[in-house]
Amino acid sequence: MSKEYNIINATASAFKRCCAKSFKNGRAGRAEFWWFILGQYAVMVVLSGFIEIMRILLDFMLIMEVLDLVWRWIFAVFVLLLVITAVLIYSIPALGLMIRRLHDINRSGWNILWSFLPIVGQIYLLVLFCKKGDDCPNEYGDAPNAPLELKSGVLLKLQNFFSTH
């Protein structure tokens, strides 16, 4: 039975794999990496929208004098805890995934330290993350599983574009 992949299934699958393999040795293909990143950005957009809606409601209630300034501080603490929680939930699997992605192109995980070099290091890492991985086993393990099956025409074209470059 073929499981249909859509954006939600693909990002959820990538997140589950990343959490399960956080710091295990091995390799991560481009599809797993980019689906995880897409899911991470989607969660952050939804979280930002929720925070903005809550801020607008709080401002409206302050203008109408239904609430006092104490609620603004409570809201600020709530937002801070929400953001810290989201960052912690995604940081550990993301770091492990980036290291495994570097392993897929036969690079050491220490290359992640390039991210501390402003602009140039981040562009260099972006180029590395976009590179096609080794088809054969390398010193970090066997080639990752076949990429996710994408049924959508646009997503399939994107996958084909990245697999040829």
Side-chain angles (χ1 to χ4, degrees), residues 3-52 55 76 78-165:
K3 183 177 179 181
E4 182 179 332
Y5 272 94
N6 58 29
I7 290 177
I8 295 172
N9 288 342
T11 54
S13 175
F15 183 75
K16 288 176 191 172
R17 271 196 309 272
C18 290
C19 288
K21 298 179 183 179
S22 283
F23 283 102
K24 293 182 181 176
N25 282 340
R27 297 165 55 177
R30 285 185 293 185
E32 179 181 353
F33 179 80
W34 290 111
W35 280 115
F36 179 84
I37 297 299
L38 177 68
Q40 183 178 11
Y41 280 112
V43 167
M44 293 303 164
V45 166
V46 169
L47 183 62
S48 297
F50 173 73
I51 291 170
E52 187 62 22
R55 188 193 62 78
F78 171 73
V79 166
L80 181 65
L81 291 175
L82 193 63
V83 169
I84 288 172
T85 303
V87 166
L88 289 176
I89 286 173
Y90 273 101
S91 292
I92 294 171
L95 182 61
L97 175 65
M98 288 187 275
I99 291 170
R100 289 186 303 108
R101 179 71 196 116
L102 289 167
H103 287 175
D104 190 41
I105 59 172
N106 208 17
R107 303 280 179 135
S108 168
W110 288 104
N111 279 293
I112 203 70
L113 296 177
W114 282 103
S115 65
F116 291 113
L117 187 62
I119 301 171
V120 174
Q122 294 161 3
I123 291 172
Y124 177 67
L125 276 177
L126 179 64
V127 169
L128 290 180
F129 291 148
C130 290
K131 283 183 72 173
K132 185 178 185 313
D134 296 342
D135 291 331
C136 56
N138 63 22
E139 66 178 281
Y140 298 103
D142 293 332
N145 294 338
L148 298 172
E149 293 178 13
L150 303 174
K151 303 296 183 188
S152 170
V154 173
L155 295 175
L156 188 57
K157 288 176 186 173
L158 283 174
Q159 180 189 19
N160 290 338
F161 173 78
F162 285 113
S163 65
T164 59
H165 289 76

With distance as the sole test, does Asn111 use its side chain to make a donor-acceptor pair with the main-chain N or O of Leu125 at under 3.5 Å?
no

Look at the rings of Phe78 and Phe50 and say which category their plane angle falls in: under 30° parallel, 30 to 60° tilted, over 60° perpendicular.
perpendicular

Does Leu88, at its CG atom, have more than 12 non-hydrogen atoms belonging to other residues, nucleotides or ligands within less than 6.0 Å?
yes

Atom pair CG/CD1 of Leu128 and Ile123 - distance to nearest 0.5 Å
12.5 Å

Out of Tyr124, Phe33, Phe36, which one pairs with Phe129 under the ring pair (Phe, Tyr, Trp, His ring centres under 6.0 Å) rule?
Phe33

For Cys130 against Trp34, the heavy-atom pair lying closest together
SG-CZ2, 3.7 Å

How many angstroms lie between atom NZ of Lys131 and atom CZ of Arg101, to the nearest 0.5 angstrom?
9.5 Å

Any chance you could measure Arg100, atom CZ, to Leu95, atom CG, to the nearest 0.5 Å?
11.0 Å

Side-chain heavy atoms of Val83 within contact of Ile51, under 4.5 Å:
yes

Can you see which heavy atom on Ile105 is nearest to which on Asp134, and at what distance?
C-OD2, 4.2 Å

What heavy-atom pair brings Ser108 and His103 nearest, and what distance separates the two atoms?
C-CD2, 4.4 Å

Under 3.5 Å donor-acceptor, Arg27 side chain and Gly133 backbone:
no

Working to the nearest 0.5 Å, report the span between CG of Leu97 and CD1 of Ile92.
13.5 Å

Interatomic spacing from CG in Leu126 to OG in Ser115 - rounded to 0.5 Å
12.5 Å

Between atom CD1 of Ile112 and atom CG of Leu102, what is the distance when rounded to the nearest 0.5 Å?
5.5 Å

